[in-house]
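Take a look at the structure set out below.
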Amino acid sequence: MGTRPAKLWETSFGARDFGGFQDCFFRDRPMDTAQIAVVGAGVAGLSTAVCISKLVPRCSVTIVSDKFTPDTTSDVAAGMLIPHTYSDTPIHKQKQWFRETFNHLFAIANSAEAGDAGVHLVSGWQIFQSTPTEEVPFWADVVLGFRKMTEAELKKFPQHVFGQAFTTLKCECPAYLPWLEKRIKGSGGWTVTRRIEDLWELHPSFDVVVNCSGLGSRELAGDSKIFPVRGQVLQVQAPWVEHFIRDGSGLTYIYPGTSHVTLGGTRQKGDWNLFPDAENSREILSRCCALEPSLHGACNIREKVGLRPYRPGVRLQTELLVRDGQRLPVVHHYGHGSGGISVHWGTALEAARLVSECVHALRTPTPKSQL
């Protein structure tokens, strides 16, 4: 396995593997600063970087990505906090992630930062064509005012027999991602635009790497469990639409935002096509108009496409890479699928705790690695 220096910062200076940028970035850093790289600048990567800067003492965080907002998958997401269920993750863990995310965003929504961060409350309905097996989902007591819809409310949706009314949060990533980035830089973090082909490119410039590369993890982590689920949405001007409407299948939805209404959507597994499909757009508009006929008057229709990084469960795990006697601790944080916005802060906190454990192990003098 080779030997690891007792002090991680002994590897942090003098390295030139990462384009030599350490000369300008790290020149004035204290010698015991842990250098941490976060790969990926979507909502998972940026929120993880913020959490690390808060939870890990004496560290410097650098975000490395080939794409930043507004060109990330997260920028396409509608940003509604309605959880997706992960088949291989315990429900109590999913609820914890959702509650931590909801509380984080609720605090922002109730602050002077709400407008800049793109976070606000929105009320509406989730409707079903047949009564669901689970009439009260696991997240019902996290959102606000959850209740069964009345018969009078259901008259608006004659093709549906059951519904849930509640108030949740909408997190608009084209505003939220720059807001997170500003916080990262404000706490001394860095951003680097670069495409990573192999996580080893970051060694020995960085002591710990956090992999938030989403679909990029198929190559970077050799993970065949992750695959794209193509999502196409329409962004329209319909300012009279103030309540969200979501079909219980999750395929058709109407989500009002600050500047436009998002209409969705598609779930095309294994489809890598990033170009809008005209037939998809017609189908989306038709389905949404069936739920909200006033959308026939919507204008300024724009098409957006994103590839959800789908996996049976979010990968939150530490892996110790070893090559030629050298070691590189990697914390994996990816695979959120369509539920990333709903749980991003909760999973980022967990990823930051794993990073903290890595840093603590590297700072502890011992003949054997504690990882």
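Scope of the values below: all heavy atoms of this structure, side chains included, with no hydrogens, waters or symmetry mates.
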Less than 4.5 Å apart, any side-chain heavy atom of [X] and any of [Y]?
{"X": "V43", "Y": "I341", "value": "yes"}
{"X": "D141", "Y": "R99", "value": "yes"}
{"X": "I36", "Y": "S60", "value": "no"}
{"X": "F206", "Y": "T62", "value": "yes"}
{"X": "Q268", "Y": "V229", "value": "no"}
{"X": "L144", "Y": "T168", "value": "no"}
{"X": "W272", "Y": "L307", "value": "yes"}
{"X": "D271", "Y": "P228", "value": "no"}

Between T48 and H333, does the side chain to side chain donor-acceptor pair (under 3.5 Å) criterion hold? Intermediate values first, please.
CA-CA 9 Å; T48 300; H333 178 209; 2.8 Å; yes

Would you say [Y] ends up clustered with [X] if hydrophobic residues are merged whenever their side chains have heavy atoms under 4.5 Å apart, either directly or through other cluster members?
{"X": "Y310", "Y": "L274", "answer": "no"}
{"X": "V76", "Y": "L81", "answer": "yes"}
{"X": "V330", "Y": "I226", "answer": "no"}
{"X": "V142", "Y": "L349", "answer": "yes"}
{"X": "L291", "Y": "L154", "answer": "yes"}

Lys NZ or Arg CZ of R183 over W179 ring: under 6.0 Å, within 45°:
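Yes; both conditions hold, so R183 lies above the ring face of W179.
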
Determine, stepwise, if the pair V359 / V208 fulfils side-chain contact (heavy atoms from CB on, under 4.5 Å).
CA-CA 7 Å; V359 171; V208 181; 4.1 Å; yes

Short side-chain donor-acceptor distance under 3.5 Å, [Y] and [X]:
{"X": "Q237", "Y": "H260", "answer": "no"}
{"X": "W97", "Y": "E350", "answer": "yes"}
{"X": "Q232", "Y": "S281", "answer": "yes"}
{"X": "T258", "Y": "H120", "answer": "no"}
{"X": "N211", "Y": "S217", "answer": "yes"}

Gap separating the [atom1] atom of [X] from the [atom2] atom of [Y], nearest 0.5 angstrom:
{"X": "L263", "Y": "T252", "atom1": "CG", "atom2": "OG1", "value": "10.0 Å"}
{"X": "D207", "Y": "R363", "atom1": "CG", "atom2": "CZ", "value": "8.5 Å"}
{"X": "I245", "Y": "K156", "atom1": "CD1", "atom2": "NZ", "value": "5.0 Å"}
{"X": "L320", "Y": "R327", "atom1": "CG", "atom2": "CZ", "value": "6.0 Å"}
{"X": "R315", "Y": "T89", "atom1": "CZ", "atom2": "OG1", "value": "13.5 Å"}
{"X": "S213", "Y": "L220", "atom1": "OG", "atom2": "CG", "value": "4.5 Å"}

Pair [X] + [Y], salt bridge at N-O below 4.0 Å:
{"X": "K170", "Y": "E172", "result": "yes"}
{"X": "R323", "Y": "D198", "result": "yes"}
{"X": "R147", "Y": "E153", "result": "yes"}
{"X": "K182", "Y": "D116", "result": "no"}
{"X": "R287", "Y": "D247", "result": "no"}
{"X": "R353", "Y": "E357", "result": "no"}

Would you say the side-chain atoms of [X] pair up with the backbone N or O of [Y], donor to acceptor, closer than 3.5 Å?
{"X": "S65", "Y": "F68", "value": "no"}
{"X": "S356", "Y": "A352", "value": "no"}
{"X": "Q96", "Y": "G346", "value": "no"}
{"X": "R218", "Y": "F227", "value": "no"}
{"X": "N103", "Y": "E100", "value": "no"}
{"X": "E292", "Y": "C289", "value": "no"}
{"X": "D88", "Y": "G313", "value": "yes"}

Please tabulate, for the side chains in residues 126-139, all donor-acceptor contacts under 3.5 angstrom to protein atoms that are two or more places apart in sequence or on a different chain.
{"from": "Q126", "atom 1": "OE1", "to": "R246", "atom 2": "NH1", "distance (Å)": "2.3"}
{"from": "Q126", "atom 1": "NE2", "to": "Q164", "atom 2": "OE1", "distance (Å)": "2.8"}

Would you call the rings of F106 and F102 parallel, tilted or perpendicular if under 30° counts as parallel and over 60° as perpendicular?
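Answer is parallel, since the angle falls under 30°.
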
Restricting to non-hydrogen atoms, name the atom on [X] and the atom on [Y] that form the minimum distance, rounded to 0.1 Å.
{"X": "S294", "Y": "W240", "result": "OG-NE1, 2.8 Å"}
{"X": "R230", "Y": "D277", "result": "NH2-N, 3.7 Å"}
{"X": "V61", "Y": "S53", "result": "CG2-N, 4.4 Å"}

Are [X] and [Y] near enough that their ring centres are under 6.0 Å apart?
{"X": "F166", "Y": "W125", "value": "no"}
{"X": "H344", "Y": "Y176", "value": "yes"}
{"X": "H160", "Y": "F162", "value": "no"}

I need the single residue from V233, L234, T266, V305 that forms a side chain to side chain contact (heavy atoms under 4.5 Å, CB included) with N280. Which is it?
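Per the side chain to side chain contact (heavy atoms under 4.5 Å, CB included) rule, the option paired with N280 is T266, out of V233, L234, T266, V305.
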
Per the side chain to side chain contact (heavy atoms under 4.5 Å, CB included) rule, which among I82, I254, V261, T167 passes with F244?
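Filter result, single survivor: I82.
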
Stepwise side-chain contact (heavy atoms from CB on, under 4.5 Å) test for E279 and R282
CA-CA 5 Å; E279 183 59 31; R282 283 191 290 269; 2.7 Å; yes

Would R311 and D223 count as a salt bridge (charged side-chain N to carboxylate O under 4.0 Å, His left out) if you check the C-alpha gap in whole Å, the side-chain angles of each, and the deciding distance to 0.1 Å?
CA-CA 10 Å; R311 204 173 177 274; D223 189 345; 2.8 Å; yes

Return yes when atom NZ of K67 has more than 12 non-hydrogen atoms of other residues, nucleotides or ligands closer than 6.0 Å, and no otherwise.
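No - once you tally the heavy atoms of other residues, nucleotides and ligands closer than 6.0 Å, there are 12 at most.
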
Please test L177 against S74 for side-chain contact (heavy atoms from CB on, under 4.5 Å), starting from the C-alpha separation and ending with a verdict.
CA-CA 8 Å; L177 296 186; S74 298; 4.0 Å; yes

List the steps and the verdict of side-chain contact (heavy atoms from CB on, under 4.5 Å) for M80 and V122.
CA-CA 9 Å; M80 287 288 291; V122 59; 3.7 Å; yes

Chi angles and distances behind the ring pair (Phe, Tyr, Trp, His ring centres under 6.0 Å) call for Y334, H336:
CA-CA 6 Å; Y334 64 85; H336 296 72; 8.6 Å; no

